[in-house]
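To start, the structure under review is shown below, and the notes come after it.
The analysis underlying the following values was restricted to heavy atoms, covering all of them including side chains, and did not include hydrogens, waters or symmetry mates. Order of the sequence lines fixes the chain letters, A, B, ..., with proteins taken first and strands second; residue numbering starts at 1 for each chain.
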There are 2 protein chains.
Amino acid sequence: MPRRVSSPSAHDVARLAGVSQAAVSRAFTPGASIAKLTQERIFKAAKSLGYRPNLLARSLIKGESGIIGVVFGNPRSIFFMSALHALSARLSQAQKHILMFTAEGKATADVHVEDLLKYRVDALFLMGIGLSRKLAEQCRDNHIPVVLFNLRSREIKDFASVTCNNRDGARQVGAHLIQQGYQRLAFMGGTTNITTSHERESAFNAYLASRGLPAPIREAGSYDREGAARAARNLLSRRSRPDAIFCWNDYMALAAIDVARYEFGLEIGREIGIAGFGDIEQASSPSFDLTTYTQPVDIMIQEVATLLLSPPQLMHSIHRVVDGVLKPRGSTQRRRN
Amino acid sequence: MPRRVSSPSAHDVARLAGVSQAAVSRAFTPGASIAKLTQERIFKAAKSLGYRPNLLARSLIKGESGIIGVVFGNPRSIFFMSALHALSARLSQAQKHILMFTAEGKATADVHVEDLLKYRVDALFLMGIGLSRKLAEQCRDNHIPVVLFNLRSREIKDFASVTCNNRDGARQVGAHLIQQGYQRLAFMGGTTNITTSHERESAFNAYLASRGLPAPIREAGSYDREGAARAARNLLSRRSRPDAIFCWNDYMALAAIDVARYEFGLEIGREIGIAGFGDIEQASSPSFDLTTYTQPVDIMIQEVATLLLSPPQLMHSIHRVVDGVLKPRGSTQRRRN
DNA sequence: GTGAAAGCGCTAACAT
DNA sequence: ATGTTAGCGCTTTCAC
């Protein structure tokens, strides 16, 4: 007798329970019209066979897979990471599942989205990464909701997005630094086309201008720790050294603190103010005590989930901007004046 | 004319290209027997319609979905995080995809594995979380490879696993601490049934015993920062305070350093030695300079990928134990004696 | 090299 | 309440 190699089907269960295959389907469909007794008989047969409905087959018919495609722009981002987990928990409740890709170093999520579309995902969630116009249009044609996270782009204006209030955050950091008496401000940005970084920078610059201050010194780091450290070194080696640095995210700010303190021997806060953006867990560690602007993950993901689960027609061009709050900490505290 | 709502099928393409639907299938199957010319005609038609093969339908026939199920035990673990991304990159090359779940606070991955099985995943990868015996057996019956990551359990002895060499790491840390002259050693563990933590602890204890030293003081923390901090406080408040703490992972070790330095005013290294396990990025920050044992993510994930992609028959009970190396750093450096 | 036909495991009318 | 039938979009014989 040949060893059965694939899992049992509804047919197998039907035969064992002495009912039609359709009855089995109904037994596993909440709210379908089936007699309590037959259902129980079917369940018993199913259990004894180890039957489990094949969701691939169901998806084929229903035209929806229950799968949400997620592309992860920056694998190093702790913020994205916690967002992913929050989303996973949230979508589990809605019986949706996450098909995940990492797109390190790629300019767009195209390759992965291509794959995801073949799996007929119900929606797409792009974290810190964009899409080519062509693919964006195809998603729209196929009525697949696309939600952008912490990123906006002209290419795909007609898609929904959820971002932190970058402008407000940058302004608040700017105001705080000025109020603390820092005068030679600098901005440490990310690499190419990170809209998040751009937004924070331009709002920061605009705010300083509105207060009659000169444009800040500027240095671009990169995603990794070493890139951030290099940028910090460049800034701190200048003849006219800045007395405060606003880093586009916490991760870079922590690297900057390390460089300032251990390579330049500066006292953080008094001799050099450093502020970040995002309030990752390490920021509140007393070893860093980093002034930053919070990105409220839970609220943001709540918005994302709502968008992902709502019918595509309803979500065109919805842009949610979620406010954080400034967390003034020791890294921008001038102990004496 | 009604608006087309679902994506075009192979049939649509066939009609447009003037061929049979089977031909379309062949055109998209690498190595299938089809004339160059027909193939091109089909591709053109496909492109103009925006056709993309439906992988759900293909999976239904082929009996394999191309999907690997991943359950994430501890969402806070930076180590798991980088492992996930490494795996994603690796599996992309093999045209496999990751269906991901977060299982925070759950004892087993059962609920999620149940879902994953309905999607007919080709293999399962469980990071720091186990499976009930019942479900484990069902996976075996269905010939679904299961790979455990940084976890072993008696329940599922017959599944493959990849772990770091916890015993070697614990021994090396022990030897290092003794050599540095620390005498009142302590161990800070994780919460319930974390086999990784147990292994490290028992190997640490065994090593100390072999050197004729008493069993270390013991304190259990939990996953989160606050739990770790509390455990550290308990240890440091004892009448006979330990002079060195081996923490079961880096995350807790960093929290312990913060507590020791900022709450107890201890000089790290000289007054209190602290060692971790894993070598996460923050460990090498000069702010912590944490002595630790590396967990080589890339090598481990390489092993995992090989196991996940190999036929289930071949992988019964394969247990890979990957060696790391000790990184002695300042947090266990007794500057003077 | 290509088309016709069967069928993967399921849901959704349509009967009864 | 239940069985029969058709069909989701594809792969895979089997002819030719």
Side-chain angles (χ1 to χ4, degrees), chain A residues 4-43 45-46 49-67 95 115 117-122 142, chain B residues 4-43 45-46 49-67 95 115 117-122 142:
Chain A
R4 134 148 260 127
V5 89
S6 62
S7 23
S9 73
H11 235 105
D12 303 328
V13 177
R15 203 167 25 231
L16 183 62
V19 295
S20 78
Q21 181 268 331
V24 177
S25 171
R26 285 192 267 262
F28 282 91
T29 307
S33 97
I34 190 163
K36 262 264 165 298
L37 216 76
T38 14
Q39 189 178 39
E40 272 162 26
R41 215 168 60 240
I42 291 172
F43 279 168
L49 289 176
Y51 169 76
R52 235 177 291 270
N54 186 331
L55 289 193
L56 297 174
R58 169 183 299 181
S59 304
L60 193 52
I61 300 164
K62 293 235 175 187
E64 56 173 62
S65 59
I67 298 176
Q95 295 278 45
D115 268 7
L117 291 177
K118 290 185 188 146
Y119 276 101
R120 301 298 190 260
V121 292
D122 294 341
N142 291 3
Chain B
R4 134 150 258 125
V5 88
S6 63
S7 23
S9 73
H11 235 103
D12 303 329
V13 178
R15 202 169 23 234
L16 182 61
V19 295
S20 76
Q21 180 268 329
V24 176
S25 169
R26 285 194 265 263
F28 282 91
T29 307
S33 98
I34 190 162
K36 263 263 165 302
L37 216 74
T38 12
Q39 189 178 39
E40 273 162 24
R41 215 168 59 240
I42 291 172
F43 280 168
L49 289 176
Y51 170 76
R52 234 177 291 269
N54 185 331
L55 289 193
L56 297 174
R58 170 182 298 181
S59 304
L60 192 53
I61 300 163
K62 292 232 175 188
E64 54 174 63
S65 58
I67 298 177
Q95 296 277 45
D115 267 7
L117 291 177
K118 291 186 189 145
Y119 275 102
R120 300 300 189 260
V121 292
D122 295 342
N142 290 5

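The nucleotide whose nearest atom lies closest to any side-chain atom of B:Arg120 is, among C:dC10, C:dT2, D:dA1, C:dC10. Of the candidates C:dG9, C:dG1, C:dT11, the closest approach to any side-chain atom of B:Ser33 belongs to C:dG1. Here C:dG1 is the nucleotide among D:dT11, C:dG1, D:dC10 with the atom lying nearest to any side-chain atom of B:Ala35.
Using a 4.0 Å cut-off, no side-chain N or O of A:Ser20 falls inside it from OP1 or OP2 of D:dT4. Close to C:dC10, at under 4.0 Å from its OP1 or OP2, lies a side-chain N or O of A:Tyr51. Contact annotation: B:Thr38 reaches the phosphate of C:dT2 (side-chain N/O to OP1 or OP2, under 4.0 Å).
Nearest heavy atoms, A:Phe28 versus A:Pro30: O-CD, 3.5 Å. Summarising the geometry of A:Arg120 relative to B:Pro8, their closest heavy-atom pair is NH2-O, 4.3 Å, with the distance given to 0.1 Å. Of all non-hydrogen atoms in B:Val24 and B:Ala10, the two that sit nearest each other are CG2-O, 3.6 Å. Contact between B:Ile42 and B:Ala23 at its shortest, heavy atoms only, is CD1-O, 3.6 Å. In terms of heavy-atom proximity, B:Leu60 sits nearest to A:Ala57 at CD1-CB, 3.7 Å. Residue B:Arg41 comes nearest to B:Ala17 through the heavy atom pair NE-O, 3.2 Å, listed as atom of the first residue, atom of the second, then distance.
Distance, B:Lys36 NZ to C:dT2 C1': 16 Å, rounded to whole Å. The separation between B:Glu40 atom CD and C:dG1 atom P is 15 Å, rounded to whole Å. B:His11 has its NE2 atom 12 Å from the C1' atom of C:dA5, to the nearest Å. A:Tyr119 has its OH atom 22 Å from the P atom of D:dC8, to the nearest Å. Atom-to-atom, CD of B:Glu64 to P of C:dC8 comes out at 17 Å; the value is rounded to the nearest Å. A straight line from CD of B:Gln39 to P of C:dG3 spans 14 Å, rounded to a whole angstrom. For A:Lys118 and D:dG9, the NZ to P distance is 17 Å, given to the nearest whole Å. As rounded to whole Å, 13 Å separates atom C1' of D:dG7 from atom CD of B:Gln21.
Checked by distance alone, B:Arg26 brings a side-chain donor or acceptor within 3.5 Å of a matching partner on the base of C:dG3.
At a threshold of 4.0 angstrom between heavy atoms, the contacts of B:Val19 are confined to the sugar-phosphate backbone, with no base atom among them. The residue B:Phe28 sits apart from the nucleic acid: no heavy atom pair falls under 4.0 Å. Residue A:Ala22 is in base contact, counting any heavy-atom pair closer than 4.0 Å across all strands shown.
Under the 3.5 Å distance criterion, the side-chain polar atoms of A:Asp122 are left unmatched by any main-chain donor or acceptor of A:Glu64. Formation of a donor-acceptor pair under 3.5 Å by the B:Gln21 side chain with backbone atoms of B:Ala14 is not found in this model.
For the segment residues 54-62 of chain A, residues with any heavy atom less than 4.0 angstrom from an atom of DNA chain D are, sorted by number, A:Leu60, A:Ile61.
Direction of the helix axis in the helix from C:dG1-D:dC16 to C:dT16-D:dA1 shifts by 40° between the two five-pair termini, rounded to 10°.
In this structure, A:Leu56 and B:Tyr119 have side chains that are in contact, with non-hydrogen atoms separated by less than 4.5 Å.
Between A:Ser7 atom OG and B:Leu117 atom CG the span is 8.5 Å, to the nearest 0.5 Å.
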